[in-house]
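Single-structure report; data block below.
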Amino acid sequence: MEHEVAGSQSITQITIIDGDQFQLKLLSHQLSMQGYKSVFTFDVGQTALDHMQGQELASTVVILDLNMPNMDGLEFLQQLLETGFDGALFLVSGEDKTILHSADAIASSYDLWVLGHLNKPVQHAQLEKYLKLLVLQEGSSLKGEAKSTYEAARFRSAIDSGELINFYQPKVSLISGELVGVEALVRWEHPDDGLVLPDNFIDLAEENEMIDGIAQQVLSRALIDSKVWKEAGIDITVAVNISMYNLDTREFISFLENELQASAVNPQDLILEVTESKLMKDYSLVLDLLTRLRQHRVNISIDDFGTGHSSMAQLRDLPFNELKIDRSFVHSAHDNPSLRDIFDGSIRLAKSLGIKTVAEGVENEADWRFLEGSDCNIAQGFFIGQPMQVAQLSEWKLQWAERYARLKA
Ligand code: C2E
Ligand code: CA
Ligand code: CA
């Protein structure tokens, strides 16, 4: 029996990587009894990777034990990506959930689709339930594309029960290499689906008047964390993404005022990011609201710059302090002259307006080297650091200092 997925794809392969031989035997037996034909088991991560290398992996399900004795589960994930893996993942963990969170973070930033978490020892019934869901999921493919399949009511309860968490991605100075700030990126810690990325729920939230709920939680958390960093001697800015719908109401601005006062965070340490394309939709309203925000001395950043066709005059009038060049003009600009032209033009524009520039989407060393030779001020991207949980920042900082020293050597 071949298991169909929404009539279009099928689970062609299940690969299980687990340090425990007995578990492997048990699971593969149970799965084959259920009719899954191609079940492969490995107790050594590297052998699994060798097996997967060069195969068509779009409809593969991988079940990964994160606590294998002979390979780091996180390292396995990185290497899995290099095989071109595009299927669905189950993460298996024991008592210690820290590694599970890190694995979620890595998987989510690389767009790997984590279908669920399984506890050790893996119960066949639990796995079978997930596999059935996968097969039944209407309109799904095994590709892990944005799937906004959540109900508004379910999402509302996620907000109310505190299932949203902030991840933070570092921003570093291109002059000194120092950490200068972080961007807060919201994630939904879904009890069954793992870590869900914002593309799967921001539209839903905007359409159902829940975007203020997100903004308020993300902002409050960011201000709390900002204080913690400050107390630990890490003096950085924190950026929060704001939807135009947030700016529609005065409620958000008064919420912001109160939070700033209550947290005693210096408004200059807060950056609000608004995307360029949305800014220009209702220009006069935006101008009014942003001006009011600026009166509270918070910083305003134009996000995804280059995607929204703002005019020079509009940019001159808007009270913003930072321009974030969209990643589509940063990544690979080093070997693409037309991207480089847009990139250089954006930097010149920002300079003439006297504001800082941030390059997003720095994915590899070539992107980094290109930026080092440019006039851009700040860099952000997977090459420098993944979005991470608050507790991981100091560890990242130490590692980055070493990597930066090597880049400079
Ligand atoms: P954004 O503001 O442009 O955020 C940057 C996105 O790029 C993040 O995706 C981040 O993980 C990803 N990214 C970082 N470095 C790289 C890189 O080197 N290469 C590539 N390809 N991508 C990189 P994420 O977290 O999935 O967020 C997606 C979007 O969701 C954000 O885009 C932002 O517009 C929105 N968003 C995130 N958090 C919030 C929030 O709290 N409120 C609102 N309204 N929107 C949010
Ligand atoms: Ca942003
Ligand atoms: Ca952006």
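Just so you know, these numbers use all the heavy atoms, side chains as well, and skip hydrogens, waters and symmetry mates. Source: prediction; values computed, not measured. Indexing begins at 1, ligand by ligand and atom by atom, following the structure's order.
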| request: Could I get the full list of side chain to side chain donor-acceptor pair (under 3.5 Å) partners for T47, not counting sequence neighbours? | output: none
| request: Give a yes-or-no answer on whether the side chains of E273 and S301 include a donor-acceptor pair shorter than 3.5 Å. | output: no
| task | Please determine if E163 and R154 form a salt bridge, counting it only when a charged side-chain N lies under 4.0 Å from a carboxylate O. | result | yes
| query | Does ligand 1 have any atom that is closer than 4.0 Å to a heavy atom of Q386? | reply | no
| task | Consider ligand 1: state whether an atom of it lies below 4.0 angstrom from any non-hydrogen atom of E183. | result | yes
| request: Please state which part of R327 comes within less than 4.0 Å of ligand 1, counting heavy atoms only: side chain, backbone, both or neither. | output: side chain
| said: We want to know whether S173 and E178 form a side-chain donor-acceptor pair, criterion being a heavy-atom distance below 3.5 angstrom. | reply: no
| N-O pairing of K171 and E183 below 4.0 Å | no
| Is there at least one pair of N or O atoms, one from R187 and one from ligand 1, spaced under 3.5 Å apart? | yes
| said: Counting only heavy atoms, tell me which of F382, F167, F383, F201 gets closest to atom 17 (C) of ligand 1. | reply: F382
| query | Is atom CD of E257 surrounded by more than 12 heavy atoms (other residues, nucleotides or ligands) closer than 6.0 Å? | reply | yes
| field | A215 touching ligand 1 at heavy-atom level, < 4.0 angstrom | value | no
| said: Students often mix this up, so state it plainly: with edges at 30° and 60°, are the rings of W400 and W368 parallel, tilted or perpendicular? | reply: perpendicular
| query | For ligand 1, does T275 get within less than 4.0 Å through its side chain, its backbone, both, or neither, judged by non-hydrogen atoms? | reply | neither
| message | Please work out, at 4.0 Å between heavy atoms, whether the side chain, the backbone, both, or neither of V186 comes within that distance of ligand 1. | response | both
| remark: Listed as residue and atom, the protein N/O/S atoms under 3.0 Å from the Ca ion (ligand 2) are E183 OE2, N241 OD1, E273 OE1, D303 OD2
| For R340, what residues pass the side chain to side chain donor-acceptor pair (under 3.5 Å) criterion, not counting sequence neighbours? | none
Can you give the donor-acceptor pairs under 3.5 Å from side chains of residues 346-355 to other protein atoms, not counting sequence neighbours?
| unit_1 | atom_1 | unit_2 | atom_2 | d |
| --- | --- | --- | --- | --- |
| S346 | OG | I342 | O | 2.8 |
| K351 | NZ | D375 | OD2 | 3.2 |
| S352 | OG | L349 | O | 2.8 |

| Does E206 reach ligand 1, in the sense of a heavy atom lying below 4.0 Å from it? | no
| Contact bool for atom 30 (O) of ligand 1 (protein heavy atom, d < 4.0 Å) | yes
